Protein chains: 2
Amino acid sequence: MENNNKQKILNAAIILFQDKGYYGTGLNEILRKSDCPKGSLYYYFPNGKEQLALESIEMTKNFVDGMIRRNLEKIDDPAESMKTFVREMAENVYVDNDDLSSFQSNRKISINLIALETSKTNDNIRKACEGAYSTFEKAYFDKLVENGFDDDKAKEVSKTIESLIEGAILMSTVKKDDTYILNVADIIYDLIKKSS
Amino acid sequence: MENNNKQKILNAAIILFQDKGYYGTGLNEILRKSDCPKGSLYYYFPNGKEQLALESIEMTKNFVDGMIRRNLEKIDDPAESMKTFVREMAENVYVDNDDLSSFQSNRKISINLIALETSKTNDNIRKACEGAYSTFEKAYFDKLVENGFDDDKAKEVSKTIESLIEGAILMSTVKKDDTYILNVADIIYDLIKKSS
DNA sequence: GTCTATAGTACGATAGAC
DNA sequence: GTCTATCGTACTATAGAC
């Protein structure tokens, strides 16, 4: 497999950047976790650590976007589907899985740490994070428009939903308490019902 | 002044940890910004970088707690006072002030970055951040109880308020867009009105 | 293409002069 | 108490063998 090493490095980087951050994670640590030599890293990522971060964010963005859309289409009513989707997130908050393969199924995925780290120090990475957040908002936006919301209202509500979710992930991560996510699920339900 | 250097180091550390993070900020950078020699740092903070972070968080906690309480007591109605307070936060989101003295007046203050960085790597610092968030929640809790909320409802609502505010700060920081904060001000208003 | 050895720099921390 | 010089380590990145 030609790019097996590339994927192994990416998988390790995604987990480490998420848990320990961009500046808290060393390239040596990524290589140790992925069991690849340093030569592979600079062969597949000639622009080094920054490129590795950019591709990690891109992959995370696509993965989460798919996950959101798959969940939201399970239930027609937008308020119900959002509430159910957010509540299921709470079940995965405590999953502290280091296994490289399982992060695709039930691992909590978040770019909040690397986004904050680079908001004032690396505008390329910051913009990539901004794009990811906008992609998630677009998934909520599409669900709302499909259900009769006009564009302006859907835009406002989807931005608010994204903000509520990321705040709840932040708090539940730091305080190790999933009630923040459960509370926000209800807030989002009410917000959509009230706006429709 | 005996501990003038200590305060200068703390002020520089608070700003740098906030903007560049715990792992993204070097002690040499803190000393350069504070114009102090390395000897001072280890004299006042014998436990090094971790102690510096713990005292930075403690000082931030007390400063923000006072700011919240001073703002909330300006208006009696809890929903109105929270909404006004949060809306005023939006005005300071873009302030990118490096001046060491002015951060006490109008600088945006947040521990979100260091909290996420240490949530899986340093439990001492993580616990200090957890305590700071709980202190802010207590300020919201007290305002609600003063206005007739029972303890259980006030606890739930104050936790949700804290989560909403931190999420909005996160999003507005990364996307450089203060509408997230303005939207959340309205959500909090509705939440308090609906719960009272 | 794949990998190792290493350069060059910045890090956190300390020893010891004054 | 205050400060400087420096230690040992880890970092990102590169050069060059195979």
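Order of the sequence lines sets the chain letters (A, B, ...), proteins ahead of strands, with each chain counted from 1. Since the structure is predicted, the reported quantities are computational estimates derived from the model, not experimental observations.
- Residue K8(B) contributes atom NZ, which lies 9 Å from atom P of dC3(D) at whole-angstrom precision.
- Annotation: cation-pi pair K6(B)/F45(B) present, NZ/CZ under 6.0 Å from the ring centroid and within 45° of its normal.
- Atom pair I9(B):CD1 and dC3(D):P shows a separation of 10 Å (rounding to whole Å applied).
- Judged by distance alone, with hydrogens and angles left aside, the side-chain atoms of T25(A) form no donor-acceptor pair with the main-chain N or O of Y22(A) at under 3.5 Å.
- Closest approach to the P37(B) side chain among dG1(C), dT4(D), dC3(C) is made by dT4(D) (side chain taken as heavy atoms from C-beta onward).
- To the nearest angstrom, P of dC11(C) lies 7 Å from CZ of R32(B).
- The closest donor-acceptor contact from the side chain of S158(B) to the backbone of K155(B) lies under 3.5 Å.
- Distance CG (N47(A)) to P (dT12(D)): 15 Å, rounded to an integer number of Å.
- Just one of E130(A), E162(A), E137(A) meets the salt bridge (Lys or Arg N to Asp or Glu O under 4.0 Å) condition when paired with K175(B); it is E137(A).
- Rounded to an integer number of Å, the gap from CG of N122(B) to C1' of dG12(C) is 14 Å.
- When each of dC3(D), dA13(C), dT12(D) is scored by its nearest atom to the side-chain atoms of N28(A), the top-ranked nucleotide is dT12(D).
- Between K6(A) atom NZ and dT2(C) atom C1' there is a gap of 16 Å when expressed in whole angstrom units.
- Relative to the side chain of Y42(B), the nucleotides dT2(D), dT2(C), dT14(C) differ in distance, and dT14(C) lies closest.
- Close to dT2(D), at under 4.0 Å from its OP1 or OP2, lies no side-chain N or O of S40(B).
- Applying the 4.0 Å criterion to OP1 and OP2 of dC3(D), one finds that N5(B) has a side-chain N or O inside that range.
- Each of K38(B) and Y22(A) was assigned the nucleotide of DNA chain D with the nearest heavy atom; the assignment lying further toward the 5' end belongs to K38(B).
- You'll find that the side chain of K49(A) is closest to dT12(D), out of dT12(D), dG12(C), dG1(D).
- Comparing dT4(C), dC11(D), dA13(D) by their nearest atom to the side chain of L27(A) picks out dA13(D).
- Note: OH (Y23(A)) to C1' (dA10(D)) measures 17 Å, nearest angstrom.
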List the atom pairs, donor and acceptor, that lie under 3.5 Å between side-chain atoms in residues 78-89 of chain B and the rest of the protein, sequence neighbours left out.
{"unit_1": "S81(B)", "atom_1": "OG", "unit_2": "D77(B)", "atom_2": "O", "d": "3.3"}
{"unit_1": "S81(B)", "atom_1": "OG", "unit_2": "P78(B)", "atom_2": "O", "d": "3.1"}
{"unit_1": "T84(B)", "atom_1": "OG1", "unit_2": "E80(B)", "atom_2": "O", "d": "2.9"}

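- The interatomic distance linking L41(A) (CG) with dA13(D) (P) rounds to 9 Å, in whole Å.
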